[in-house]
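Basis for what follows: all heavy atoms, side chains included, without hydrogens, waters or symmetry-related copies. Just follow the structure's listing: the first ligand is 1, and inside any ligand the first atom is 1. Note that the coordinates shown come from a computational prediction; the quantities given were computed from them, not determined experimentally. Positions are given from 1 along the sequence.
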Amino acid sequence: MTHQTTLSQELSRPLLAGAFLSDIDRDRLLAALPRAEGPELAALARAADAIRRARLGNAASLCAIISAKSGRCGENCAFCAQSGHHHTSAPEYPFLAPERIVAAAKAMHDAGVARFGIVASGKALPQAELEHAATAIAGITACGMAADASFGVLPDDALARLKSAGLAAYHHNLETSRAFYPRICTTRSFEDNLAVLRTCKRLGIPICSGGLFGMGESWADRADLAQTLLEAGAMSIPINFLSPIPGTPLGGRPPLTPDEATRIVILLRFLLPDRHLRICGGRPTVYGATAPLAPMTAGADGLMVGDYLTTSGGTLEADKAGLAKLGFSL
Ligand code: SF4
């Protein structure tokens, strides 16, 4: 038995049996994974894929989003094309009419996508637009889809209003670790973001929260983010890879290599064995056209399809055919 097979088998054994990684095994993973390549990386990816099958089964969850309000954001997230602090060519428009949002959701439903998220730029959706959002959520729910929303740091009463309209899950990324977050955003705090997740938990709203990788964070930051998401009760974890956008402070960073991105997916599967890992923005930037579904063989079980917020996605039909070939059910 090779060393790489021994390590991946040893680390995955308790996870396959329904447990979580011990602190000692977490340290072993963090020592090996950043340097793993070739057969060792492939063995760890196979182990992560086996954990996914054992803990979550073979169903792949597809979701799509609409950018319902774009640009003019007062926050200064260093990666974001929509921040008013940066000079980019991102479009600017106010909240779309609910009928337009529901029509976009229905088109995705007809194409076999079960979840649809409404995303708005800004620190928090203002009260005046909240009722439009609630109408759209009710309309999407009536189509037989799960309606999700991402409207920033909303207060309790606004989240409760969306829940009463049929909200299936609230999306709010923590983006990165508590320690690294001030390097990414200074107009709001990590604690502000965490408070949103706490409110959702208290109100019984399922939490979708993850991060963006490739911003210069360390492996310790990546592991700390996973631990915080675990403790916050996030059930769906979006994994985004940086698409460097000219005009933003991170516009000059090189994209992650495919191997580095795959190591991140493996890390999250080992640290979050029972959570849904959803590959979202940056997939085409990192994996290109040659291996767009590679992260789905390294522990992920969900995909965002169609276009992302400010970048283009892949082809839905190609993704569906590829997932079926990998043994996923849709
Ligand atoms: S990520 Fe969201 S909050 Fe941050 S600048 Fe972009 S739109 Fe604003």
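Shown are H276, R275, R278; of these, the side-chain hydrogen bond (donor to acceptor under 3.5 Å, both in side chains) with S236 is made only by R278.
Within the cation-pi definition used here (under 6.0 Å to the ring centroid, within 45° of the axis), R183 does not qualify as a partner of F79.
Under 2.8 Å from atom 6 (Fe) of ligand 1 lies no N/O/S atom of C77, from backbone or side chain alike. Checking C80 against atom 8 (Fe) of ligand 1, every N/O/S atom stays at or beyond the 2.8 Å cut-off.
Neither the backbone nor the side chain of H85 has a heavy atom within less than 4.0 Å of ligand 1.
Residue F79 has at least one heavy-atom neighbour below 4.0 Å for each of these atoms of ligand 1: 1 (S). Counting atoms of ligand 1 from 1 in the listed order, those under 4.0 Å from a heavy atom of S121 are 7 (S).
More than 12 heavy atoms of other residues, nucleotides or ligands shown are found within 6.0 angstrom of CZ on R53. Residue Q127 qualifies as open at atom CD: its count of foreign heavy atoms under 6.0 Å is 12 or below. The number of heavy atoms from other shown groups lying within 6.0 Å of CZ (R202) is above 12.
Under the 4.0 Å distance rule, the nearest protein heavy atom to atom 2 (Fe) of ligand 1 falls outside the cut-off.
Taking the six-membered ring where tryptophan is involved, the planes of H132 and F95 are essentially parallel, since the angle between them stays under 30° and well short of 60°.
The shortest separation from a heavy atom of R188 to ligand 1 is under 4.0 Å, placing the residue in contact.
Atom 8 (Fe) of ligand 1 has its closest protein heavy atom at C73 SG, 2.3 Å.
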